[in-house]
There are 2 protein chains.
Amino acid sequence: MATIKEIASMANVSRTTVSRVLNNSGYVSEEVRKRIIKVIEETGYVPSQQAKSLRTKKTKVIGVILPTIKTETSGRLVAGMDDELSEAGYQILLANTNHEKQKEIEFLQLLKVRQVDGIILAATNVNDLLVEKIKQLDIPFVAIGQEISDVSNILYDDYQAAKDITSLFINKGHQQIGFIGVDESDLAVGMWRKKGFFDQMEEKGLSVEEAWVEQGVFNIQSGYEAMSRIIQNSNQTPTAVFAVTDRLAIGAIRWLNEHSYAIPSDMAIAGVGASELSNYITPPLTTVDYENEKAGKEAAKLILRQIEKNNKVIEKITLNYRLLERDSV
Amino acid sequence: MATIKEIASMANVSRTTVSRVLNNSGYVSEEVRKRIIKVIEETGYVPSQQAKSLRTKKTKVIGVILPTIKTETSGRLVAGMDDELSEAGYQILLANTNHEKQKEIEFLQLLKVRQVDGIILAATNVNDLLVEKIKQLDIPFVAIGQEISDVSNILYDDYQAAKDITSLFINKGHQQIGFIGVDESDLAVGMWRKKGFFDQMEEKGLSVEEAWVEQGVFNIQSGYEAMSRIIQNSNQTPTAVFAVTDRLAIGAIRWLNEHSYAIPSDMAIAGVGASELSNYITPPLTTVDYENEKAGKEAAKLILRQIEKNNKVIEKITLNYRLLERDSV
DNA sequence: CTGAAAGCGCTTACAG
DNA sequence: CTGAAAGCGCTTACAG
């Protein structure tokens with residue numbers, strides 16, 4: 001690869017002048033400019049981002065920390081970010097924690113060392129250590145999916161969405177409604193969705209039998225098992241079950257199908273996430289679409305704005321969602 | 001952020017010596033070493049990758065070019081790569097072409113300018129311009145999914161997999177078998193899978209009516225429409241259809257379900273890809289599992305080996321696949 | 001065992 | 001309008 005020095009000598013000018021035409025800064029006479037551009041084109045010269053970054057302290061790279069890269073949600077999120085980011089000349093440096101908490105912190109550090117211009121974190125659980133680390137980071141930062149005070153956030157309205165799903169069940173005449181959740185250390189998915197469900201039930205004066213409430217993890221098998229436990233342990237079986245993720249809901253449906261429960265007549269089911277799967281299982285699953293791609297885009301816009309404004313703006317954005325009413329309810 | 005200069009002065013040594021303990025190179029007396037380490041720990045100093053890269057010409061970053069980041073396949077591929085790469089201290093810089101061909105070439109250039117240590121390309125269609133560009137790149141390079149001469153490749157055995165699927169149909173007694181493919185400019189998916197199908201049919205002396213062969217694109221809707229055309233246009237309806245991707249197969253199944261065809265008794269269907277969806281639709285889809293995560297891992301290993309060996313090895317690896325026989329056949 | 005100096009490839013005051 | 005020089009934060013011969 002050629003360097004600016006070689007270009008300069010080929011064009012009989014100084015590096016300074018070449019730099020000026022490269023960056024369109026300062027005055028350069030038309031004649032000289034043309035001469036330099038000609039040399040650049042002939043040689044196919046491209047300035048080293050590396051060297052440039054060292055000098056300017058800008059890398060045009062955004063670090064993105066994800067709990068996993070295998071899921072649809074992550075894919076859509078990243079696609080949305082990339083859309084916005086690449087337009088502005090930024091690229092994404094990926095950091096995949098594989099759900100290991102302490103890696104989130106390591107990556108925060110690592111990305112900073114790599115001098116990324118900003119960091120977007122798809123947050124799962126927030127703990128004090130992480131929050132503290134984020135605050136002392138002092139570079140543009142956006143968290144998606146979980147509220148963290150004093151930093152920019154893109155949030156989903158988990159509470160209201162859960163209330164809406166619960167309302168939907170109730171409006172369809174269900175009174176005995178079960179719930180499959182996840183650990184509440186995940187505030188958004190575990191805590192808020194659960195609270196939305198219980199608050200709505202309470203508002204309508206409906207009680208929830210203890211055996212109707214189960215906890216699982218983020219996969220299909222877990223929903224299958226949770227459904228099985230609910231049926232086994234209930235005195236009176238619920239007529240509907242709200243699962244906090246599509247995968248849990250799909251596992252539940254699978255169990256019901258295998259045990260000859262008709263859906264929705266014997267049991268109604270709803271999930272959250274609008275996975276592609278949800279639309280193609282039998283019956284199609286009622287779910288809420290969080291529009292992850294849009295979330296990714298918004299996060300990217302936020303980080304770009306922070307970079308522009310020198311890291312001085314904190315914005316909180318709560319995204320809309322769409323309730324997709326399908327045949328499972 | 002502190003710099004090596006400050007650390008040096010705090011420890012009362014030269015930058016050279018600090019650099020030596022940082023990199024474990026050359027001799028440093030125990031006493032001095034301890035003093036320096038102490039300062040490093042106290043300050044939390046971490047050397048700038050930026051500056052280091054400029055000097056050493058190594059960035060510890062691998063560029064990954066993908067046709068899309070939204071699909072499961074991409075997610076798994078990247079997860080596999082990241083697994084291997086992060087272990088070796090590398091990170092992934094993402095380049096998403098969104099299926100725009102000319103972006104592949106742009107990114108090749110861009111990634112080189114960013115001084116990545118290597119590039120992995122999840123190839124879709126290979127054209128001469130791209131191949132030429134790759135060859136003049138002169139940095140470690142691996143292509144996944146498509147054969148490119150003179151460069152390292154991770155390949156799927158599309159031809160044999162297609163033959164196997166076709167054989168499976170035939171062994172189940174099918175004689176009239178249809179085919180839903182994609183454009184043959186995608187050599188792997190379009191050309192080789194088609195050839196495997198036709199060769200196998202020919203070997204068994206089975207003929208294929210023209211109307212049984214349709215072409216779609218990479219989504220579910222397209223499979224739906226292709227299936228519809230096959231049924232509409234055939235003199236004699238086939239009893240089985242091989243779709244070259246799961247999405248096409250799932251679209252076909254949807255059409256059949258809507259039109260009251262029983263699967264597999266009225267029509268057997270198979271796909272390729274082992275998407276999560278394939279296992280949860282009704283009936284579960286027979287498909288082939290290419291183990292994308294493994295492909296990603298292997299690609300990463302290959303690129304690492306090339307970096308180590310100074311870009312002098314060209315390896316071609318064809319991966320195994322698993323035929324997943326499920327209820328749709 | 002340790003340090004002074006050059007250099008990686010750029011940009012940016014400063015001077016003219 | 002143009003250039004000499006310093007500097008970004010490191011590493012690496014070279015010398016001692």
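Note that the structure is predicted; figures quoted are calculated from it, not measured. These numbers come from the heavy atoms of this one structure, side chains and all, not from hydrogens, waters or symmetry mates.
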Take atom [atom1] of [X] and atom [atom2] of [N], then tell me their distance rounded to the nearest Å.
X      : N       : atom1 : atom2 : result
Q50(B) : dG9(D)  : CD    : P     : 11 Å
R20(B) : dT2(C)  : CZ    : P     : 8 Å
I7(A)  : dT11(C) : CD1   : P     : 13 Å
K52(B) : dG9(C)  : NZ    : P     : 18 Å
I4(B)  : dG3(C)  : CD1   : C1'   : 13 Å
K5(B)  : dA5(C)  : NZ    : P     : 14 Å
L22(A) : dC10(C) : CG    : C1'   : 9 Å
E31(B) : dT2(C)  : CD    : C1'   : 13 Å

Query raised in the report: Which residue lies toward the 5' end of DNA chain C, L54(B) or V13(B), if each is placed at its nearest nucleotide?
Result: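 Closer to the 5' end of DNA chain C: V13(B).
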
Report task. Please tell me which of Q115(B) and R35(B) maps to the more 5' nucleotide of DNA chain C, matching each residue to the nucleotide holding its nearest heavy atom. Result ->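 It is R35(B), whose closest nucleotide lies nearer the 5' terminus.
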
Query raised in the report: Which of these nucleotides, dA5(C), dG3(D), dG7(D), is closest to any side-chain atom of T16(B)?
Result: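 Ranking dA5(C), dG3(D), dG7(D) by closest atom to the T16(B) side chain puts dA5(C) first.
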
Query raised in the report: To the side chain of T56(A), which of dC10(C), dT12(C), dC10(D) is closest?
Result: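 Out of dC10(C), dT12(C), dC10(D), the nucleotide with an atom closest to T56(A)'s side chain is dT12(C).
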
Could you tell me whether [X] contacts a base, only the sugar-phosphate backbone, or nothing, with contacts defined as non-hydrogen atoms closer than 4.0 Å?
X      : answer
S48(B) : sugar-phosphate
T3(B)  : sugar-phosphate
S29(A) : sugar-phosphate

Phosphate oxygens OP1/OP2 of [N]: is one of them under 4.0 Å from a side-chain N or O of [X]?
X      : N       : answer
Y45(B) : dG9(D)  : no
S14(A) : dT2(D)  : no
K57(B) : dT11(D) : no

Flag the pair [X] and [Y] as a salt bridge only when some basic side-chain nitrogen lies within less than 4.0 angstrom of an acidic carboxylate oxygen.
X       : Y       : result
E298(B) : K301(B) : yes
K133(A) : E104(A) : no
K38(A)  : E42(A)  : yes

Query raised in the report: Which residue, Y27(A) or V46(B), contacts DNA chain D at a nucleotide closer to its 5' end, judged by nearest heavy atom?
Result: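 That would be Y27(A).
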
Query raised in the report: Counting only heavy atoms not in Q136(A), do more than 12 fall under 6.0 Å of its CD?
Result: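 It does: Q136(A) CD has more than 12 such atoms within range.
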
Report task. Assess whether atom CG of N127(B) is packed by more than 12 heavy atoms of other residues, nucleotides or ligands within 6.0 Å. Result ->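 It does: N127(B) CG has more than 12 such atoms within range.
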
**Report entry** Q146(A) versus D186(A), side-chain donor and acceptor atoms under 3.5 Å
**Finding:**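 The answer is yes; a qualifying pair exists.
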
Requested in this report: Using only heavy-atom distances, decide whether a donor-acceptor pair under 3.5 angstrom links the side-chain of R55(A) to the base of dG9(D).
Outcome: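 Such a pair does not exist between side chain and base.
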
**Report entry** Any-strand Watson-Crick or G-U partner of dC1(C), both distances under 3.5 Å
**Finding:**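 The answer is dG16(D), by the H-bond criterion.
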
